[in-house]
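Note sheet for the following structure.
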Amino acid sequence: MFGAGIWHFGRYVDRYATDGYGPPVDTLGAIDLAGQVGELSVVDLTYPFDPVDLPVERVEEALKSNGLRAIAVTPEIYTRRFSRGAFTNPDEGVRRQAIELVSEAAEVARRLGCDYVKLWPGQDGWDYPFQSDHSELWRLSLDAVRELATSFPDLRFAIEYKPREPRNTMVFSSVAKTLLGIEEIGLPNVGILLDFGHSLYGGESPADAARLAISRGRLFAIDVNDNYRGWDDDMVVGSVHLTETFEFFYALREAGWDGVWQLDQFPFREDSVEAARAGIRVMKAIHRALGLVDREALAAAQRAQDALAAQRIVQRALLSVMADQ
């Protein structure tokens with residue numbers, strides 16, 4: 001099953017093209033674009049909706065008319081009012097606003113029958129040495145997630161870690177650190193959303209990160225894209241690191257993980273519908289290639305740590321299907 005973040009179909013703005021790379025797209029318009037892709041089953045919706053007074057009933061209707069389901073709701077705890085932090089803001093009142101916003105999003109997720117609420121606290125972190133008490137930021141982050149997960153025991157909360165941006169360093173910056181935090185929180189409904197590009201950007205092997213999260217039963221969801229490892233470029237799946245993308249999905253398959261393959265691409269200059277189709281096309285090819293891998297031969301090569309033999313085996317499977325794209 002394939003999914004996408006609804007922002008894939010939105011308007012993109014950066015610090016240069018402050019007027020945007022296209023016209024504004026509201027929530028209902030983005031859902032309609034997602035419906036045009038043809039092979040998407042689910043979407044991750046940002047909250048508040050656009051416009052902010054959009055009734056959830058209209059969102060439900062738009063999803064239904066496009067043959068889509070909301071798999072998650074992502075509260076926007078990274079906007080201007082949280083520029084000094086959401087869960088870690090020095091102002092206790094702003095920290096409470098962040099909790100309340102996520103709580104509102106959780107109620108919407110209940111209403112829409114979502115699988116999880118995604119937490120991406122991009123503003124929680126620091127920019128300069130000596131700016132913050134690291135122990136205090138850690139405590140505030142864990143306390144906030146623990147409060148939310150306790151208040152909504154019927155919902156799952158997936159933390160999306162990232163090394164940096166918008167803060168120069170984020171609190172939840174790696175798979176290992178996030179797993180440590182989840183262990184300290186101590187609740188079963190808190191896990192990880194592993195963004196392939198964030199893992200690359202953080203210097204991880206996405207396959208290794210996935211195995212680590214799965215080994216602790218904490219991989220709740222994935223987002224897939226690509227980048228050059230120097231920034232979170234959110235490019236089309238497999239456009240740069242095709243072999244590592246294949247290894248990532250191979251690791252998921254071998255570990256028995258059976259979740260949604262979800263796009264988190266930012267097609268600034270490309271047609272958003274066509275970019276989604278391109279990403280799905282690559283993922284479908286990878287799905288076919290997984291069935292062609294000689295697992296016994298690969299296992300033998302891995303036991304011997306024979307890199308060239310392993311590469312030959314996976315290239316045979318992957319390139320044979322990519323030629324048909």
Side-chain angles (χ1 to χ4, degrees), residues 5 7 13-16 46 74-92 94-99 101-102 117-149 157-185 190-206 208-210 212-213 216 218-223 225-235 241 244 264 266:
W7 50 89
V13 177
D14 61 23
R15 60 180 177 149
Y16 301 104
T46 52
T74 298
E76 295 184 330
I77 53 174
Y78 40 80
T79 53
R80 185 169 59 185
R81 67 167 157 159
F82 302 117
S83 62
R84 298 180 66 201
F87 300 150
T88 64
N89 197 289
D91 185 327
E92 182 180 358
V94 177
R95 295 200 300 271
R96 183 48 46 186
Q97 289 176 26
I99 295 289
L101 179 57
V102 177
V117 176
K118 187 176 79 180
L119 300 177
W120 184 64
Q123 300 286 7
D124 286 334
W126 62 92
D127 302 311
Y128 292 90
F130 289 98
Q131 179 178 358
S132 304
D133 179 336
H134 298 300
S135 296
E136 180 69 358
L137 295 186
W138 185 245
R139 182 189 68 80
L140 288 171
S141 294
L142 301 194
D143 284 352
V145 177
R146 184 183 295 111
E147 178 182 339
L148 288 162
F157 291 83
I159 301 171
E160 181 179 10
Y161 70 88
K162 185 179 181 180
R164 59 172 301 189
E165 192 208 13
R167 297 312 288 256
N168 286 342
T169 302
M170 284 177 56
V171 172
F172 292 115
S173 56
S174 68
V175 66
K177 191 174 181 183
T178 307
L179 285 170
L180 283 172
I182 291 170
E183 181 178 325
E184 191 171 330
I185 290 168
V190 181
I192 283 178
L193 182 144
L194 199 166
D195 183 298
F196 182 87
H198 293 180
S199 187
L200 285 178
Y201 180 29
E204 298 177 340
S205 158
D208 177 48
L212 191 62
R216 285 153 179 79
R218 298 293 185 172
L219 185 60
F220 286 2
I222 63 169
D223 277 351
N225 44 48
D226 211 336
N227 62 52
Y228 287 105
R229 264 200 161 92
W231 195 250
D232 185 31
D233 302 303
D234 285 322
M235 298 164 68
H241 294 95
E244 284 182 273
D264 181 15
F266 274 53

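Numbering of residues begins at 1 and proceeds along the displayed sequence. Note that this is a predicted model, so its numbers are computed, not measured.
No side-chain heavy atom of Q131 sits under 4.5 Å from any side-chain heavy atom of T169. For the pair W120/I77, no side-chain contact is recorded, criterion being any heavy-atom separation below 4.5 Å from C-beta on. You'll find the side chain of V117 reaches within 4.5 Å of the side chain of P75, heavy atoms only. Two residues are said to be in side-chain contact when any heavy atoms from C-beta on lie closer than 4.5 Å; K118 and D223 meet this criterion. In this structure the side chain of L137 never reaches within 4.5 angstrom of the side chain of F87, judged on heavy atoms. The shortest side-chain heavy-atom distance between D195 and K162 does not fall under the 4.5 Å cut-off. With a 4.5 Å cut-off on side-chain heavy atoms, L119 and F172 do not count as touching.
Remark: side-chain polar atoms of D226 are not paired, donor with acceptor, to backbone N or O of M235 under 3.5 angstrom. Judged by distance alone, with hydrogens and angles left aside, the side-chain atoms of E165 form no donor-acceptor pair with the main-chain N or O of D232 at under 3.5 Å. No donor-acceptor pair closer than 3.5 Å links the side chain of H198 to the backbone N or O of P163. Using modelled atom types, one side-chain atom of R95 and one backbone atom of N89 make a donor-acceptor pair closer than 3.5 Å. Formation of a donor-acceptor pair under 3.5 Å by the Q123 side chain with backbone atoms of Y78 is found in this model. A donor-acceptor pair is defined here as one N or O able to donate and one able to accept, closer than 3.5 Å; no such pair exists between the side chain of N225 and the backbone of F266.
In terms of heavy-atom proximity, S199 sits nearest to P206 at OG-CA, 3.4 Å. Nearest heavy-atom pair across S141 and V171 is OG-CG1, 3.5 Å.
Evaluation of the salt bridge (charged side-chain N to carboxylate O under 4.0 Å, His left out) rule for R146 yields D143 as partners, not counting sequence neighbours. Judged as a side chain to side chain contact (heavy atoms under 4.5 Å, CB included), and not counting sequence neighbours, the contacts of T79 are E76, R81, F82. Annotation: ring pair (Phe, Tyr, Trp, His ring centres under 6.0 Å) contacts of F196 (sequence neighbours excluded): F248. Partners of E136 by salt bridge (charged side-chain N to carboxylate O under 4.0 Å, His left out), not counting sequence neighbours, listed by chain and number: R139. The salt bridge (charged side-chain N to carboxylate O under 4.0 Å, His left out) test applied to E244 returns R229, not counting sequence neighbours.
For residues 125-135, every residue pair satisfying the salt bridge (charged side-chain N to carboxylate O under 4.0 Å, His left out) rule, not counting sequence neighbours, is listed here: D127-R167.
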